[in-house]
**Q** 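Before anything else, here's the structure in question.
This chain uses plain numbering: 1 for the first residue, then up along the sequence. On a predicted model such as this, the values are computed, not experimentally measured, just so you know.
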Amino acid sequence: MKTINLNEFTSDFMEISKHLTLTEMRMLYLLITRPDVIKISQESFAKEIGAHRRTINIGYKKLMKNGYINIPDITDQRNVVIDTNITNEHVANNIFTSTDIEKTPDNGSIADDKIEKEYKNEIANDNNSGDNELHIEGTKDPDASGILYDKFLNDILVNKQNARISQFFEEFPDKHTEILIDIRNDLPEYIDFWALKYKFEEELRILRISNSLIKDLKWNILHKERYLDELSGDYIKFFRKEKKRKAIQVIRHALIYYPFTFEKFLYEIRAYKYDDFDEIVQAMIREIYNTDRLYKQEGISKNL
């Protein structure tokens, strides 16, 4: 058996996903990374990807049709490749597609008709399953999503392929803020269009305010940029020394530099809060970002 290689799979992921269902994407990924799965039974393969056994035949046919896999001698290998447990009942029900199956008047086949129906049902199930946006993330192999994510980051941050940013937003819709922080100093030309399309206008607005205030801070030669854990350490130090004014200044810097990870700062200093801490933080958020909360999601923090 021959398959496309892993580099082709990751670089052409968006295009491939247009032609395959979630189950077929999982099948293809396993066939590429673990080619020995071609030898296991249809039922075992189905368990590997969390699918129904009957969908494996559909998947093989689709993968071969689109040229993602090639099994040269399919007639000789079929019992191994497709199902090692074929029964007469399977053949009678046309679940297993044979090369000499009865042809229909329109040059199709009974099995092809059944496969097409099952394929449509599979799409419907995927669309209703609630994980149709996960793509390869839904596979049981935890490396799948990480490989794609790292590939995007390498292309965008190392190779400066800004055209890949929109694909990143498409594939990882819950990670807008992560990539925005990484490209904050060199926002691409079409970022406003992407923000509108992928619905992160508010995050982009906050980031631009953050960038502007950081530039102002850097004009002060006495100011030092610090990591988030350093800021939390500074706050706790000033809190213990009862230097409230300096502690509040640290809160402000954390808000300016790290608006999207400010919750982590709050968590790290949770045991060291003034009586009016919540009021101070809320007032700062309104003053700096002209909003009552930094996150769209409910339940992240009562302060955000």
**Q** Measuring from Thr177:OG1 to Leu207:CG, what's the distance to the nearest 0.5 Å?
**A** 10.0 Å

**Q** Using side chain to side chain contact (heavy atoms under 4.5 Å, CB included), reason through Phe172 and Leu148 one step at a time and then give a plain yes or no.
**A** CA-CA 10 Å; Phe172 297 98; Leu148 182 61; 4.2 Å; yes

**Q** Residues two or more places apart in sequence or in another chain: which of them pass side chain to side chain contact (heavy atoms under 4.5 Å, CB included) with Ser232?
**A** Asp229, Phe265, Glu268, Ile269

**Q** Could you check whether Lys244 pairs with Asp276 (Lys NZ or Arg NE/NH1/NH2 to Asp/Glu carboxylate O, under 4.0 Å)?
**A** yes

**Q** Quick one: list whatever passes side chain to side chain contact (heavy atoms under 4.5 Å, CB included) with Arg208, sequence neighbours left out.
**A** Leu187, Ile191, Asp192, Leu204

**Q** Which residue, Arg226, Lys224, Arg240, Lys241, forms the salt bridge (Lys or Arg N to Asp or Glu O under 4.0 Å) with Asp234?
**A** Arg226

**Q** Kindly write out the residues that satisfy side chain to side chain contact (heavy atoms under 4.5 Å, CB included) with Thr291, not counting sequence neighbours, or none if the list is empty.
**A** Glu202, Arg205, Ile285, Tyr289, Leu294

**Q** Check whether the ring centres of Tyr274 and Phe239 lie less than 6.0 Å apart, and answer yes or no.
**A** yes

**Q** Can you tell me if Glu242 has over 12 outside heavy atoms packed within less than 6.0 Å of its CD?
**A** no

**Q** With rounding to the nearest 0.5 Å, note down the distance linking CZ in Phe200 to CG in Leu180.
**A** 5.0 Å

**Q** How close do Asn162 and Trp194 get, heavy atom to heavy atom, and via which atoms?
**A** O-CH2, 3.4 Å

**Q** Please determine whether the number of non-hydrogen atoms from other residues, nucleotides or ligands lying under 6.0 Å from atom CZ of Arg270 exceeds 12.
**A** yes

**Q** Taking a hydrophobic cluster as the set of Ile, Leu, Val, Met, Phe, Trp and Tyr residues connected by side-chain heavy atoms closer than 4.5 Å, whether directly or through intermediates, do Leu196 and Tyr190 fall within one such cluster?
**A** no

**Q** Above 12 or not: heavy atoms from other molecules or residues under 6.0 Å from CG of Asp216?
**A** yes

**Q** Report the C-alpha distance between His253 and His223 in whole Å, list the side-chain angles of each, state the deciding distance to 0.1 Å, and finish with yes or no for side chain to side chain contact (heavy atoms under 4.5 Å, CB included).
**A** CA-CA 10 Å; His253 287 173; His223 173 74; 3.7 Å; yes

**Q** Can you tell me how far the CE atom of Met25 sits from the CZ atom of Phe13, to the nearest 0.5 Å?
**A** 3.5 Å

**Q** Linking Ile, Leu, Val, Met, Phe, Trp and Tyr by side-chain heavy atoms under 4.5 Å, what else ends up with Leu222?
**A** Ile221

**Q** Evaluate the side chain to side chain contact (heavy atoms under 4.5 Å, CB included) criterion for residues Ile251 and Phe277: first the C-alpha distance (whole Å), next the side-chain angles of each, then the deciding distance (0.1 Å), finally the verdict.
**A** CA-CA 10 Å; Ile251 297 173; Phe277 181 89; 3.6 Å; yes

**Q** What's the shortest heavy-atom distance between Met27 and Ile56, and which atoms?
**A** CE-O, 3.8 Å

**Q** In chain order, what residues pass the side chain to side chain contact (heavy atoms under 4.5 Å, CB included) check against Asn7, with sequence neighbours excluded?
**A** Asn5, Thr10, Lys151

**Q** Would Glu178 and Phe260 count as a side chain to side chain contact (heavy atoms under 4.5 Å, CB included) if you check the C-alpha gap in whole Å, the side-chain angles of each, and the deciding distance to 0.1 Å?
**A** CA-CA 8 Å; Glu178 293 182 23; Phe260 302 134; over 6 Å; no

**Q** With sequence neighbours left out, write down each residue that passes salt bridge (charged side-chain N to carboxylate O under 4.0 Å, His left out) with Glu8, or none if nothing qualifies.
**A** none

**Q** Parallel under 30°, tilted from 30 to 60°, perpendicular over 60°: which one fits the rings of Tyr198 and His176?
**A** tilted

**Q** In Å and rounded to the nearest 0.5 Å, what is the OH to CG distance from Tyr257 to Asn211?
**A** 10.5 Å

**Q** Check whether Glu230 reaches the backbone of Tyr227 with its side chain - one donor and one acceptor, N or O, closer than 3.5 Å.
**A** yes

**Q** Rounded to the nearest 0.5 Å, what separation is found between the CZ atom of Phe152 and the CD atom of Glu171?
**A** 6.0 Å

**Q** Taking the six-membered ring for Trp, is the centroid-to-centroid distance between Tyr29 and Phe9 below 6.0 Å?
**A** yes

**Q** Using side chain to side chain contact (heavy atoms under 4.5 Å, CB included) as the criterion, point out the one residue from Asp12, Ile69, Ile32 that pairs with Ile4.
**A** Ile32

**Q** Is a donor from one side chain sitting under 3.5 angstrom from an acceptor on the other, for Arg164 and Gln167?
**A** yes

**Q** Can you find a pair of side-chain heavy atoms, one from Leu20 and one from Tyr68, that are under 4.5 Å apart?
**A** yes

**Q** Considering non-hydrogen atoms only, spot the tightest contact between Val250 and Leu231 and give its length.
**A** CG1-O, 3.1 Å

**Q** Kindly compute the distance separating CD1 (Ile206) from CG (Asn290), expressed to the nearest 0.5 Å.
**A** 10.0 Å

**Q** Regarding Lys175 and the six-membered ring of Tyr149, is the cationic atom NZ or CZ under 6.0 Å from the ring centre and inside 45° of its axis?
**A** yes

**Q** Which heavy atom of His19 sits nearest a heavy atom of Lys62, and at what distance?
**A** O-NZ, 2.7 Å

